[in-house]
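Read the structure below first, then the notes.
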2 protein chains.
Amino acid sequence: MKRITVKDLAKHLLLSTSTVSRALLNDKNIHWETKKKVLAAAKELGYKRNSAAASLKYGQSKNIGFVVPEMVTPFSSKVLRGVQEVLYPLGYRVIVTVCDEDPQRERENLLLLEEFNVDGIIINLCDESKNHDIYQQLIDQGIPLVFFDRTPNESLNVSKVLIDNFFYASDMMEHLVDQGRKKIVHIMGPPSLRNSQDRAKGYEEVMDKHGIYDPALIIEVEGLGFEDGKKAIKTLMDQKIDFDGIFAFTDTLAIGAMNYLLENGVKIPNEVSMGSFSGTELATMVYPQLSSVEPPLEQMGEEAARLILEKIKNSDIDCRDIFLKAELKIRSSSSL
Amino acid sequence: MKRITVKDLAKHLLLSTSTVSRALLNDKNIHWETKKKVLAAAKELGYKRNSAAASLKYGQSKNIGFVVPEMVTPFSSKVLRGVQEVLYPLGYRVIVTVCDEDPQRERENLLLLEEFNVDGIIINLCDESKNHDIYQQLIDQGIPLVFFDRTPNESLNVSKVLIDNFFYASDMMEHLVDQGRKKIVHIMGPPSLRNSQDRAKGYEEVMDKHGIYDPALIIEVEGLGFEDGKKAIKTLMDQKIDFDGIFAFTDTLAIGAMNYLLENGVKIPNEVSMGSFSGTELATMVYPQLSSVEPPLEQMGEEAARLILEKIKNSDIDCRDIFLKAELKIRSSSSL
DNA sequence: AAATATTATGGGAACGCTCCCAATTTTATG
DNA sequence: CATAAAATTGGGAGCGTTCCCATAATATTT
């Protein structure tokens, strides 16, 4: 039951701990035969490296924090997968925290991770304006941050991995216009997110370009839940505002909206064409399937992980932004 | 930039490290005034406890593994929330791994967690027959396991937290029968899961009891994805098997089936009534909303966390099973 | 054959923390 | 006032690794 240590191995093999350690770490200053012997004994006796001791020695915890706003959508877990793909083989542990779109909770999570002595944090923020001080504090403490998807403004010197929201929003909008839609509603995300603003800008520009822009068609939403999407469309319909298309900030909002329409017998896409941003299975799990802009989420995680490793290895390295290409997936919610 | 240690604090305060440590750990053998002084200095100088050192000293890593089959559904993340609710305040880190319903991958994840020196593992298994040896090996090594939802057979001496699948399957089936359905299909999960069998048993018993049992209505599915549910119903319909109700093993299967029906113009619930097992937002995100048995997932996580703590504290403690109550949620997929 | 370079091993300090065991001071007790 | 008991502090070992610095053994060069 007692754990086998390097010392135990050394005693068993009549070698020094140094030599045993060398064998275990694949050091070159060791005879290949003794290395083989050590490895054999390690296996036989069931030696397991004590990572706490190693961490202490190396001065690194080998823990990386992963901070996300929600996990009801597979969005974060797809990114997480990418992150783990890169970090797990290197012996890094990933610690996940979820804040439910609550900045206060995000704050607590970050503090918790600090307590956990993480070597770095990969984060998708939930409110651009709220936790700036903590971000800065962590950076000052030497804990590198890498943001993905929802990123903070430029005043923070961090690396980011993201997509061009303006560009892809325009792309989706052009598609909806192509479908002959003129009264396209925008369910806009909270203005506290850069992404909301960028996507809204894409919406506006395309509407404007085609001379069909109408501010009454933009409805701003407080939360990002399913219910918020529902409520948004209910509000519009209660106001008897007429529309033939919807471009929603996220898939959750879109699906909420979609359900409200279906409940009220509105045909999709015949009467209303819908498009959104997603990147997850969610878009294909609803009926009709949701057209959406799909960022390469797993890759996003991988890139974020690589950036954080870069920063851990060398803290003076320059921060950089990685822009990823997304895909416009046209499904039955927008075209017959 | 250099981290402040206990030694630094001691030097700064002209105290011994012992005293400083005592203050930090809230030891009673210390004068309240010195404790106050130490805490003040710690705050001022930005002392952060090195958890690796503490772990080394205590002989525990304070890492708990969380092993789940999937994360596209919010199922696991709801359980995870419960787990974290209990463990984070106690300074435990939770390390998440996902195996995508692949036993081999689950195996690798468990080995990885072993490598990470976790103090215990909370797991929802993906195949009852496959990784028994690893489970046993981990237990033998003194790493306690606690299973939730999908649990192994009795030969493994572990604690479990689960619901009575047979009972709730019967419950849901009675409801469907109450709706006047007679030709109820069962989309049965893989037989490698006890849950599949138990729910199937509930289905059979109710069908039998009402004299409407027909083995042709049971369709066994290989995977647990969305597409598998679709395929199952497609197969039935291609065979021109008539049915007026569906009881599916999980919400994902149900939703796949539902979409196939909708694509083919079948009215739900008018022509086909549907019910399933869920416990997540997924059931309310689709249209029509899915009737389902809802286990208290967050509580499941909390209980699992408490069980693992119990085991960590005292490894000789008896294993026990905790049965939780679920709720039968009737929604529009099954009743008008 | 002597000198140097190379290879393989051992000894032991250090990482930061906790906690046992004194040592000292203060307080209570007879 | 002497003695015991309690309260407070300090010294320092040890948790399991790694790695620097010897030392010893072998190989290579003059």
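Everything numeric in this text was worked out from a predicted model, so none of it was measured. Quick note on labels: first sequence line is chain A, next is B, and so on, each numbered from 1.
Summarising the geometry, atom OG1 belonging to B/Thr151 is positioned 9.5 Å from atom CG belonging to B/Leu193; distances are rounded to the nearest 0.5 Å. Rounding to the nearest 0.5 Å gives a distance of 10.5 Å between CG of B/Leu9 and OG of B/Ser21.
With A/Tyr47 as reference, A/Leu24 is the one residue of A/Val38, A/Asp8, A/Leu24 to meet the side chain to side chain contact (heavy atoms under 4.5 Å, CB included) rule. Checking each of A/Asn109, A/Ile139, A/Leu113 against A/Ile121 for a side chain to side chain contact (heavy atoms under 4.5 Å, CB included) leaves exactly one that passes, namely A/Leu113. A side-chain hydrogen bond (donor to acceptor under 3.5 Å, both in side chains) with A/Asn131 is found for one member of A/Gln136, A/Gln104, A/Glu106 and no other, namely A/Glu106.
Atom NE2 of B/His12 has 12 or fewer heavy atoms from other residues, nucleotides or ligands within 6.0 Å. Heavy atoms from other residues, nucleotides or ligands lying under 6.0 Å from NZ of B/Lys36 number 12 at most.
A/Ile4 has its CD1 atom 16 Å from the C1' atom of D/dC15, to the nearest Å. Straight-line distance from the NZ atom of A/Lys48 to the P atom of D/dT17: 12 Å, rounded to whole Å. The distance from atom CG of A/Leu9 to atom P of D/dT18 is 12 Å, rounded to the nearest whole Å. What separates CG of A/Asp8 from P of D/dG16 is a distance of 8 Å, to the nearest Å. Distance CG (A/Asn50) to P (D/dG16): 7 Å, rounded to an integer number of Å.
At a cut-off of 3.5 angstrom, counting only N and O atoms as typed in the model, there is no donor on one side facing an acceptor on the other between the side-chain of A/Lys57 and the base of D/dT17.
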Heavy-atom protein contacts under 4.0 Å, nucleotides 4-12 of chain D, coded B base, S sugar-phosphate only, - none: ----BBBBB
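Put simply, A/Ser21 has no side-chain N or O that comes within less than 4.0 Å of OP1 or OP2 on D/dT17.
Looking at B/Lys62 and B/Arg93, their side chains come closer than 4.5 Å, going by heavy atoms from C-beta outward.
Chain A approaches DNA chain C over the interval C/dA8 to C/dG16, counting the first and last nucleotide 5' to 3' with an atom under 4.0 Å from its heavy atoms.
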